[in-house]
Asks: 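Dropping a structure here in structure tokens format, bear with me for questions.
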Amino acid sequence: MERHSLTKGKDEADSGGMGKKYYIAGNWKMHKTRAEAAALAKELVQALKDGKHKYLIAPSFTLLETAAPLVKGTNIRLGAQNCAPEEQGAHTGEVSVLQLKELGVQTIILGHSERRHNYKEDDALINKKVHLALKHGFEVILCVGELLEEREAGKAEAVCERQTTEGLKGVAATELDRIVIAYEPVWAIGTGKTATPEDADSIHACIRKVFGKLYGAAAAEKLIIQYGGSVKADNVVALMAKENIDGALVGGAALKAETFVPIAKF
Ligand code: 13P
């Protein structure tokens, strides 16, 4: 999907003047039973069917089979929260891209800070997963973001630059239309502390610059960069108004239609 793809043509008139298509994704993390997931997916399909942005839900692996038929053919994409770095084999507890494909998953979130920090995934491992996901035709949402101590030490940009560069190492220009970056400052996740729109935009601008160095200015201009970290209905407008913010990756507020829909339809 091209950034600003609604700036031209028919959809501009439909978009109420905002003129930009955003990518709003819900990461459900390790929440919900199958019955709860089905209920939420159904509510979202109904509520977002006339929504003007691009949407995604990423339920747990065990919920994918439940959610898949409910979102199939709608404007809500189906995402997974992770995948194994290998196609198949003796990898107890892992889930393969082949298994995700079979369930109708279209997008895989990789490098989430909870994977990086709680489960010790490093850039090399994440890069391996990125390649595998791309090879099998998935869209990838590559998450990057600094810890609080890294921000306080003035290293936020350097961390995001490294995670972007290493995460994308070896990714071909022809695959870039399936790459999305999510900037999620770790200190803003689940804490109620949101980066100010200005701070978020400045890191997004840095990521876009890094991407431009790797792939050129035209590719950088098209890159979708989502912001994640305590996105709520009351801060989404100010965040999305920023030049370099092209969408949101929502955690806590994605768990209920009443909190996600206002974000998704801002
Ligand atoms: P919260 O919206 O709960 O801060 O989570 C953000 C996130 O980690 C999405 O991937």
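Residue indices begin at 1 and follow the sequence shown. Read the numbers this way: they start at 1 and go in the same order the structure lists the ligands and their atoms.
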Asks: Would you check whether A182 reaches within less than 4.0 Å of ligand 1, judged by its heavy atoms?
Replies: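 Flag not set, A182 not near ligand 1.
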Asks: What protein heavy atom sits nearest atom 7 (C) of ligand 1, and how far away is it?
Replies: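 Protein heavy atom at minimum distance: E184 OE2, 3.1 Å.
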Asks: Between L176 and V144, is there a shared hydrophobic cluster once you connect ILVMFWY residues whose side-chain heavy atoms come closer than 4.5 Å?
Replies: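 Shared cluster, yes.
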Asks: Numbering the atoms of ligand 1 from 1, which are under 4.0 Å from a heavy atom of S230?
Replies: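 Answer for ligand 1: 1 (P), 2 (O), 4 (O).
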Asks: Do the charged groups of K213 and E161 touch, with an N to O distance under 4.0 Å?
Replies: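 Between E161 and K213 there is a salt bridge, with a charged N closer than 4.0 Å to a carboxylate O.
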Asks: Go through D123 and R116 one step at a time and tell me if the salt bridge (Lys or Arg N to Asp or Glu O under 4.0 Å) criterion holds.
Replies: CA-CA 8 Å; D123 288 317; R116 290 180 190 268; 2.9 Å; yes
Asks: To check your reading of the model: name the closest protein heavy atom to atom 2 (O) of ligand 1, its residue, and the distance in Å.
Replies: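 Looking at atom 2 (O) of ligand 1, the protein heavy atom closest to it is G251 N, 2.9 Å.
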Asks: G252 heavy atoms, cut-off 4.0 Å: which ligand 1 atoms fall inside?
Replies: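 Going through ligand 1 atom by atom, the ones under 4.0 Å from G252 are 1 (P), 2 (O), 3 (O).
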Asks: In terms of hydrophobic clustering (I, L, V, M, F, W, Y; side-chain heavy atoms under 4.5 Å; direct or indirect links), are L70 and V105 co-clustered?
Replies: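 No, L70 does not connect to V105 through the hydrophobic network.
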Asks: For ligand 1, find out whether one of its N or O atoms is nearer than 3.5 Å to an N or O atom of G190.
Replies: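 Indeed, backbone or side chain, G190 has an N or O that close.
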Asks: Does A253 come within less than 4.0 angstrom of ligand 1, counting non-hydrogen atoms of the residue?
Replies: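 Not so, A253 does not reach ligand 1.
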Asks: Under 4.5 Å between side-chain heavy atoms, counting indirect links through other Ile/Leu/Val/Met/Phe/Trp/Tyr residues: same cluster for V250 and F266 or not?
Replies: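 Yes.
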Asks: Should K232 be listed as contacting ligand 1, given a heavy-atom distance under 4.0 Å as the test?
Replies: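 Under 4.0 Å: no for K232.
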Asks: Record the part of N27 in heavy-atom contact with ligand 1 below 4.0 Å; permitted values are side chain, backbone, both and neither.
Replies: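 For N27, only side-chain atoms sit under 4.0 Å from ligand 1.
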Asks: Looking at F211, I'd like to know if the NZ or CZ of R208 sits under 6.0 Å from its six-membered ring centre while staying within 45 degrees of the ring's axis.
Replies: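 Output no; distance or angle outside limits.
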Asks: Just which atoms of ligand 1 are under 4.0 Å from any heavy atom in A188?
Replies: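 Selected atoms, number and element: 4 (O).
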Asks: May I ask you to decide whether K54 forms a salt bridge with E139, counting only side-chain N to carboxylate O separations under 4.0 Å?
Replies: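 Yes, K54 and E139 are salt-bridged.
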Asks: Taking K256 first and then E43, would you say they form a salt bridge - that is, a charged N and a carboxylate O separated by under 4.0 Å?
Replies: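 Looking at E43 together with K256, the answer is no, because their closest N to O distance does not fall below 4.0 Å.
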Asks: Need the ligand 1 atom indices (1-based, order shown) with element for anything under 4.0 Å from a heavy-atom of G229.
Replies: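 Here the atoms of ligand 1 in question are 4 (O), 6 (C).
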